[in-house]
Structures are given as structure tokens and as C-alpha cells.
Amino acid sequence: MIKIQTSSHRHSHLMICHLGWEAPRSDLQRSLGPNPLLSRRSSSSSSRPFTPTAFLLLLSLLIILGVFLPWADMPDFLFSSNSNTSSQYSKWRDYTLAQAASFVAKNGTVIVCAVSHPYLPFLNNWLISIARQKHQDKVLVIAEDYATLFKVNQRWPGHAVLVPPAPDSQTAHKFGSQGFFNFTSRRPRHLLHILELGYNVMYNDVDMVWLADPFPYLQGSHDVYFTDDMAAVKPLNHSHDLPPPGKKGRPYICSCMIFLRPTSGAKLVMKKWIEELQSQPWSKAKKANDQPGFNWALNKTAGEVDLYLLPQAAFPTGGLYFKNKTWVQETKGMHVIIHNNYITGFEKKIKRFHDFGLWLVDDHALESPLGRL
């Protein structure tokens, strides 16, 4: 069993130890040029005295280093021995999903996201919103590349795990690509594993923002809770049953916000989801993602599983929240989790969050357990 230890902040005085004295002295000698007062002495650099000017320049350099370098985002290996760094990397490489879930679970519940390195700013934004609702301690980041695994555990030890093999992080963030399909298709396996460990699990995409605590809305003891991805306005007292199939023969449920209890019904849905993804793999002609498979799984198990559609006013899709100002005003104060979907591209998502006052990392990064990345 791996012991989780909280890392301490870096101290500025360590920088001086690692920088040493040789490089600053040689730079000063070059900048000062030949000194006529020293020309009669030996040409050996070891015999040259420290002039007042050189001393003042060195003192100024040390002051600058002491002020600015503590704020720089310097890698950990500058502050620790190679053996210590290798030991930390090895520890997190060997960290298992079972160990991670046991560490973060609170009241039998884990909040999970899956993140590749390009999405770290969105992870931080999402974490700030969760921290405001006091649920950050139960968050588990499933890292989809080693850079993310080490970065998160460096800042927040024990809250990230990588389930090998890691997908290609260079393609995993491009919607519609095979890399994106491979990335998202791992999701039901992760969730099923956590269910089999006996935990409730909430899954979120990290392009979401919590405006309120969602747990009071997870009423009853249903197997699977989910949100509608359709932008059509529903009545406030709409049914909580699985919506009827659409034109493609399946409903349009979002796979980006799911809550599961560790029941046989929830496990059945996850297994069926995995089967659907295996039977409908990605191809150039049909650039699939994981969501249709989730909907087929829900549709095919609806008679065997206790399903619950969460209220639209509290969990609106991005196609409704960001595009229907009238509805937003009519349901003001009811919104719980906002999903920044119905749009693709990092810059476009960030701009939209900015426009709606939901991009929190610029001014509130210190509220995140990761701090400022």
C-alpha cells in the first residue's frame, strides 16, 4: 500500500544552493573586462581579488534571484536528488485505481474525471467550482498521460491515477478523432472498476462548472442518474424517466455527467456500454465517440435498470444554457452544473466561459487544490 504524503512548498533559499557561484563569477568577469589595477598580478583567475564593483553586481544578482525565482514554475527535479525524483515517479506509476479510490472516497463516494495534459486549465477551472461546494476532497483525476499524472500528484498527492496503457495524448483532445474515441471509450471501464470496488461514483467532463451542490438532487436509490443533451425546453416538472428514442433509434443522453450506485443495474449498464463501443468502433467514415454507445446501453437495459433523468433546469446542456437567454432568466437560481458543450475548440470554450463569467482560473486559481498551473 502506498502512503500518501503532502508535498511542501518550495523555499527560495534552495535556489542559491543549486545555482552555485561559478557561473555568476565568470559572467561578471566578462562584463567587467580587463582591469588595469590587476594587470600586474598573476593572470590566474584564482588569484584575482573580488573588486567592490563585482561584489555589488553579485549582491544585486542574488537579490533578483531571491525575489523572482520563488515565483517561477521550476520543475521538482531542481529541488530534489535524482534518486528522490525517480522514487516519486515510480510510486505514482505503480499507484492503482483501487488505492486511489480508497484514498479519495468520502462517505463511499468518488467524483471522477478523465484528463489529458491539454485540458489541465479546464481541470483547474472545474476544481475551483467544486471546491466552492466543499466536495474537492473526494475528486479523483484519472490521468490519461504521465505528464498529467505527475503534475497533479506533485501539487495534490494521491488525487491522480493512470490506468495503463496511456492513450496517445497528442490526439486525445481532438473531437471526432480516433484518439478522442480511444480516450473516451476507456471511461466505462474506469467507472465499472470503481463500482466493483463498492463505491458510488460521479463522472464529470472537466468543461463543466458547478454553481451549486449537485448531491441533494441525487434523491432516491436509483441505479443510474444522467442528464438530457437536447436543447429543447422541458417543463419544470418533466418526467424523470429515460426519454423516448430520437430519429436514430436511441435517446440523446449526455455521457458527460453521470452518477452511479454500486448496484447490479449500474454495472449492467457499464458492461453494455463497453459492448456497444466494441461493436461500433471508430472509422474514418463514421467518426464515433462514446456517447451513442452510452445511449444504446441505456435503451437496451431500460427494462432491467432503475434509471433517473436529472432535472433540466438544474443540469442544462450547453445548447440550452448558452443559447437561450429567455430560459436562463426564467430558471435563474435553479442552475447547478453547467456544461460547456455544443461547441468545440479550447479557445472557443474558454472565450464562452469568459463571456458568461465562468472562467475562474485567472482570478481564483488559489481556490483550486492544484493552485496556479
Side-chain angles (χ1 to χ4, degrees), residues 1-4 91-115 126-127 130 133-144 149 152-153 156-165 184-206 208 210 213-227 253 255-278 290 293-294 297-298 300-310 337 369:
M1 177 65 71
I2 295 173
K3 295 182 179 179
I4 308 303
K91 177 172 74 172
W92 298 126
R93 281 179 182 274
D94 297 336
Y95 194 42
T96 67
L97 184 57
Q99 290 171 324
S102 175
F103 176 66
V104 306
K106 303 290 182 295
N107 299 319
T109 299
V110 180
I111 301 171
V112 170
C113 66
V115 182
W126 176 71
L127 283 173
I130 292 180
Q133 306 304 324
K134 312 300 183 186
H135 286 293
Q136 73 278 13
D137 288 344
K138 58 174 71 78
V139 169
L140 176 59
V141 177
I142 297 182
E144 298 290 7
L149 174 70
V152 173
N153 281 334
W156 199 22
H159 283 267
V161 65
L162 187 146
V163 181
T184 57
S185 64
R186 290 160 54 88
R187 184 182 314 174
R189 294 184 182 277
H190 300 327
L191 298 178
L192 178 60
H193 190 172
I194 295 171
L195 292 176
E196 289 175 337
L197 292 169
Y199 300 105
N200 303 310
V201 56
M202 175 184 284
Y203 175 83
N204 275 192
D205 272 3
V206 292
M208 291 182 164
W210 289 24
D213 186 347
F215 284 94
Y217 294 82
L218 305 174
Q219 53 190 275
S221 55
H222 308 286
D223 298 320
V224 183
Y225 301 71
F226 45 81
T227 62
I253 298 303
S255 61
C256 306
M257 160 57 198
I258 309 169
F259 182 77
L260 306 163
R261 300 193 188 280
T263 62
S264 58
K267 295 173 188 176
L268 176 62
V269 173
M270 293 300 101
K271 292 173 182 176
K272 181 60 69 174
W273 189 3
I274 293 169
E275 290 177 10
E276 291 295 326
L277 291 172
Q278 291 173 339
D290 70 310
F294 179 56
L298 292 172
K300 293 179 180 181
T301 60
E304 307 170 67
V305 181
D306 187 353
L307 305 176
Y308 186 85
L309 176 66
L310 290 163
I337 295 182

Subject >> Sole residue of V201, V224, L195 in side-chain contact (heavy atoms from CB on, under 4.5 Å) with M270 >> reply: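 When side-chain contact (heavy atoms from CB on, under 4.5 Å) is applied between M270 and each of V201, V224, L195, only L195 qualifies.
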Original post:
Hey, does the side chain of D213 reach the backbone of Q133 with a donor-acceptor pair shorter than 3.5 angstrom?
Top reply: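 No: the side chain of D213 does not pair with the backbone of Q133.
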Original post:
In Å, rounded to the nearest 0.5 Å, how long is the span from OG1 of T301 to NZ of K272?
Top reply: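 T301 OG1 to K272 NZ: 8.0 Å, rounded to 0.5 Å.
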Original post:
Does any donor atom in the side chain of T96 or Q99 lie under 3.5 Å from an acceptor atom in the other side chain?
Top reply: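 Their side chains do contain a donor-acceptor pair, which is all the 3.5 Å distance test asks for.
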**OP:** Under the side-chain contact (heavy atoms from CB on, under 4.5 Å) rule, what do R261 and D223 come out as? Steps first, then yes or no, please.
**Re:** CA-CA 5 Å; R261 300 193 188 280; D223 298 320; 5.6 Å; no
Original post:
Can you find a heavy atom in the side chain of M202 that is under 4.5 Å from one in the side chain of P214?
Top reply: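 Yes, their side chains come closer than 4.5 Å.
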Original post:
What heavy-atom pair brings W156 and P369 nearest, and what distance separates the two atoms?
Top reply: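 That closest heavy-atom pairing would be CE2-CB, 3.4 Å.
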**OP:** Measure the acute angle between the ring planes of F294 and W273, then classify it against the limits of 30° and 60° as parallel, tilted or perpendicular.
**Re:**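 Rings of F294 and W273: tilted, 30 to 60°.
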Original post:
Under a 4.5 Å cut-off applied to non-hydrogen side-chain atoms, are V269 and F226 in contact?
Top reply: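 Sidechains of F226 and V269: no contact.
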**OP:** Hey, could you give me the CG/CD1 distance between D205 and I337, rounded to the nearest 0.5 Å?
**Re:**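 Between atom CG of D205 and atom CD1 of I337 there are 11.0 Å.
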Original post:
So among L149, L191, V112, V115, which one has a side-chain contact (heavy atoms from CB on, under 4.5 Å) with I142?
Top reply: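 It is V112; the other options fail the test.
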Subject >> Residue pair V305 / T263, side-chain heavy-atom distance below 4.5 Å >> reply: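 When only atoms from C-beta onward are counted, T263 and V305 do not touch, as no gap falls below 4.5 Å.
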**OP:** To the nearest 0.5 angstrom, please state how far the CD1 atom of I258 sits from the CD1 atom of I253.
**Re:**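 Rounded to the nearest 0.5 Å, the CD1-CD1 separation comes to 10.0 Å.
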**OP:** Look up atom CD1 in I130 and atom CG in N204, then write down how far apart they are to the nearest 0.5 Å.
**Re:**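 Going from CD1 on I130 over to CG on N204, the span is 6.0 Å.
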Original post:
Is NZ or CZ of K138 both nearer than 6.0 Å to the six-membered ring centre of F215 and within 45° of the ring axis?
Top reply: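 So K138 does make the cation-pi contact.
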Original post:
Just by modelled atom types, is the A160 backbone N or O under 3.5 Å from a matching donor or acceptor in the N153 side chain?
Top reply: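 Yes, the answer is positive, given that a donor and an acceptor are paired below the 3.5 Å cut-off.
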**OP:** State, yes or no, whether a side-chain contact exists between H193 and V163 at a heavy-atom distance under 4.5 Å.
**Re:**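 Counting from C-beta outward, H193 and V163 never come under 4.5 Å.
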**OP:** Check whether any side-chain heavy atom of P165 sits under 4.5 Å from a side-chain heavy atom of R186, and report yes or no.
**Re:**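 A side-chain contact under 4.5 Å exists here.
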Subject >> H159 (side chain) donor-acceptor with V139 (main chain) under 3.5 angstrom >> reply: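 Yes; at least one donor-acceptor contact below 3.5 Å.
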Original post:
So, for G198 and P262, which heavy atoms are closest and what is the spacing to 0.1 Å?
Top reply: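 Looking at all heavy atoms of both residues, the closest pair is O-CG, 3.7 Å.
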**OP:** Could you tell me the separation between the NZ atom of K106 and the NZ atom of K134, rounded to the nearest 0.5 Å?
**Re:**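 Answer rounded to 0.5 Å: 15.0 Å.
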Original post:
Hey, does L140 have a side-chain heavy atom less than 4.5 Å from the side chain of L97?
Top reply: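 In short, these two side chains touch, coming nearer than 4.5 Å.
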Subject >> Shortest non-hydrogen contact from Y199 toward A105 >> reply: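 So the minimum-distance heavy-atom pair works out to CE2-CB, 3.5 Å.
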Subject >> Minimum side-chain heavy-atom gap Y203-L260 below 4.5 Å >> reply: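 No; the side chains remain at least 4.5 Å from each other.
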**OP:** Could you go through the side-chain contact (heavy atoms from CB on, under 4.5 Å) check for Y217 and F259 one step at a time?
**Re:** CA-CA 11 Å; Y217 294 82; F259 182 77; over 6 Å; no
Original post:
Going through the distances and angles, do M257 and L310 end up as a side-chain contact (heavy atoms from CB on, under 4.5 Å)?
Top reply: CA-CA 10 Å; M257 160 57 198; L310 290 163; 3.8 Å; yes
**OP:** Considering non-hydrogen atoms only, spot the tightest contact between L307 and A302 and give its length.
**Re:**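 So the two residues come closest at CD1-CA, 4.0 Å.
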**OP:** May I ask you to decide if S255's main-chain N or O and R187's side chain share a donor-acceptor pair within less than 3.5 Å?
**Re:**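 Looks like yes, one N/O pair under 3.5 Å.
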Subject >> Atom of L197, atom of A101 and distance for their closest heavy-atom approach >> reply: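 For L197 and A101, the tightest heavy-atom pair comes out as CD1-CB, 4.3 Å.
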Original post:
Is H135 close to W210 at the side-chain level, that is, under 4.5 Å between some pair of heavy atoms?
Top reply: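 Sidechains of H135 and W210: in contact.
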**OP:** Taking all non-hydrogen atoms of both residues into account, name the closest pair between L192 and I274 and its distance.
**Re:**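 In this case the closest contact between L192 and I274 is CD2-CD1, 4.1 Å.
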